[in-house]
Student: 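The structure's right below; bear with me while I get my questions together.
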Amino acid sequence: MKYGILLRPHANGRYQQAVQPLALCEALALLSAAGIDAKPRLDELFGAGIICFEAPELSERARALLALHSLNYLLCEVHGDRLAPVGGRAKAFLGHDLNGILKYKGKTNERFTGFLVNMALLSSAFAGAFDHKLCLFDPMCGRFTTLFEACNRGYDAWGAGLDGREIGEGLTFLRKYLEHHHFKHALRQDALTLPGKRSAQIRRVSFAADTAQYRAGDQRTLSATALDCESAARAFGAGRFHLAAFDMPYSVQHGPGGRESFEKLLGRMAGPLLAALKPGGAVALSFNSHTLRPETARAALADAGFSVCRGESYDHLAHWVEQAIVRDVVVAQKP
């Protein structure tokens, strides 16, 4: 049987062309996780991008996995130039619009964020539990693009960032979103214990898909604190997270200048990040390859004790974003 993943278009044609090879790598990883030995290929149908592959009839689990593809618009059987839909996007726990409403300078594309989370998930020991409540950590959470992606998958989301104002904006937006869509939720504030008899504030939003689940205790939580990655990873506790995903600053205006280089920053983060993950957990991080070389990023993770992922799904993830920014991705697993 011939199948196709019809890809969602992007307003920027050059960016769309640049990320199509990533979509192919992602499809390969998803098919592998589904136990399907297939060689997906990029094609075009009536001007629309489509990833085609040959496979026996897809199981329900395989369809559910392929529904996670970050650019998936429609999963179809392909009969010549006719498409027979057999699946769509994965259902959002809160709403597909959650990650696209809040706009700000420097925001990571929400579809790319979905790709980043998928690469961490599919490279971890927990790919088989993709439809269960996992725990995701973003040590550079900004205004929560990655955390919102985790929420929409039904995960618990944990974030840290140096800018308390950004964290406040993210929390305010989430609260308003939950109120507008009538989700039962609650906000609370706790204290984290830090070394040297210090403490830090952590704010949490708990929510559920409906009131009955909320009252039954079947809730999800987004937690965020204004701390650096190193401090947050230690304060949150060892072995807490299944996945970690983050986008390092990569715009020219965010360059390190006279401050700590991205190489030193990642080297300092890698150890606490490893400790924060459960055995078998995985991290996916993206960065501007003009300010941090992929080989350097891989070496920093390997030196900390990670097993860096290599192969067809991992070695060709560099892509154009805009002038002076060529983004790349490195993925690694905790043994």
Side-chain angles (χ1 to χ4, degrees), residues 5 7-29 42 48-49 51 68-73 99-123 138-150 159 161-163 166 170 229 244-257 259 261-263 265-266 269 283-298 300-301 309 312-332:
I5 302 172
L7 301 178
R8 295 175 63 84
H10 192 278
N12 185 324
R14 183 176 177 185
Y15 177 76
Q16 179 174 329
Q17 186 177 19
V19 297
Q20 282 190 347
L22 274 72
L24 191 62
C25 292
E26 184 180 4
L28 182 62
L42 278 169
I51 294 175
L68 292 174
H69 194 289
S70 61
L71 294 184
N72 175 33
Y73 183 72
N99 228 344
I101 299 173
L102 191 60
K103 305 290 186 184
Y104 51 90
K105 187 175 182 179
K107 177 179 179 177
T108 304
N109 180 280
E110 56 268 24
R111 294 178 194 170
F112 174 76
T113 300
F115 164 83
L116 206 60
V117 174
N118 275 344
M119 294 307 289
L121 171 67
L122 298 169
S123 306
D138 180 354
M140 295 182 169
C141 66
R143 295 177 180 85
F144 302 175
T145 304
T146 304
L147 302 187
F148 289 159
E149 174 68 24
L162 294 176
D163 193 332
E166 290 185 345
C229 169
F246 61 102
D247 188 22
M248 295 186 72
Y250 51 78
S251 296
V252 173
Q253 63 267 29
H254 290 128
R259 296 174 292 167
S261 69
F262 290 127
E263 178 180 351
L265 174 61
L266 182 57
M269 290 171 57
V283 57
L285 65 125
S286 57
F287 49 89
N288 182 5
S289 59
H290 291 312
T291 57
L292 177 65
R293 294 188 306 165
E295 298 81 5
T296 302
R298 292 187 180 102
L301 293 174
C309 300
E312 195 173 356
S313 293
Y314 303 99
D315 292 346
H316 307 287
L317 300 180
H319 58 286
W320 176 91
V321 175
E322 58 182 64
Q323 186 178 4
I325 300 174
V326 175
R327 187 165 55 195
D328 210 336
V329 177
V330 168
V331 184

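Everything numeric in this text was worked out from a predicted model, so none of it was measured.
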Student: Please name the pair of heavy atoms, one in Arg293 and one in Phe287, separated by the smallest distance, quoted to 0.1 Å.
Tutor: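 Closest approach of Arg293 to Phe287: C-CE1, 4.2 Å.
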Student: Do Asp247 and Thr108 have side-chain atoms, one donor and one acceptor, less than 3.5 Å apart?
Tutor: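 A pair is found: one side chain offers a donor N or O, the other an acceptor, under 3.5 Å apart.
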Student: Tell me every residue that passes side chain to side chain donor-acceptor pair (under 3.5 Å) with Asn12, counting only those two or more places apart in sequence or in another chain.
Tutor: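 Partners of Asn12 by the side chain to side chain donor-acceptor pair (under 3.5 Å) criterion come out as none, since no residue qualifies.
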Student: Using a 3.5 Å distance criterion without hydrogens, assess whether the side chain of Asp138 forms a donor-acceptor pair with backbone atoms of Phe246.
Tutor: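 Pair absent, no side-chain N/O of Asp138 close to backbone of Phe246.
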Student: How long is the span from the OG1 atom in Thr113 to the CZ atom in Phe144, to the nearest 0.5 Å?
Tutor: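 Nearest 0.5 Å value for the OG1-CZ distance: 14.0 Å.
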Student: If I compare all heavy atoms of Glu149 with all of Glu110, which pair ends up nearest, and what's the gap?
Tutor: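 Distance-wise, the nearest heavy atoms are OE1-O, 4.3 Å.
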Student: Is Val329 close to Phe112 at the side-chain level, that is, under 4.5 Å between some pair of heavy atoms?
Tutor: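 Yes; the side chains approach each other to less than 4.5 Å.
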Student: Is there a donor-acceptor pair under 3.5 Å between the side chain of Glu26 and the backbone N or O of Phe115?
Tutor: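 Not a single qualifying donor-acceptor pair exists.
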Student: Do you know the tightest heavy-atom contact between His316 and Cys25?
Tutor: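 Heavy-atom minimum between the residues: O-SG, 4.3 Å.
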Student: Treating His290 as the side-chain partner and Ile325 as the backbone partner, does any N or O pair qualify as donor plus acceptor under 3.5 Å?
Tutor: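 No, the answer is negative, given that no donor and acceptor are paired below the 3.5 Å cut-off.
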Student: Report yes if the side chains of His10 and Val19 come closer than 4.5 Å at any heavy-atom pair, otherwise no.
Tutor: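 No, their side chains stay 4.5 Å or more apart.
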Student: Carefully, step by step, assess Glu263 and Leu292 under the rule side chain to side chain contact (heavy atoms under 4.5 Å, CB included).
Tutor: CA-CA 6 Å; Glu263 178 180 351; Leu292 177 65; 4.2 Å; yes
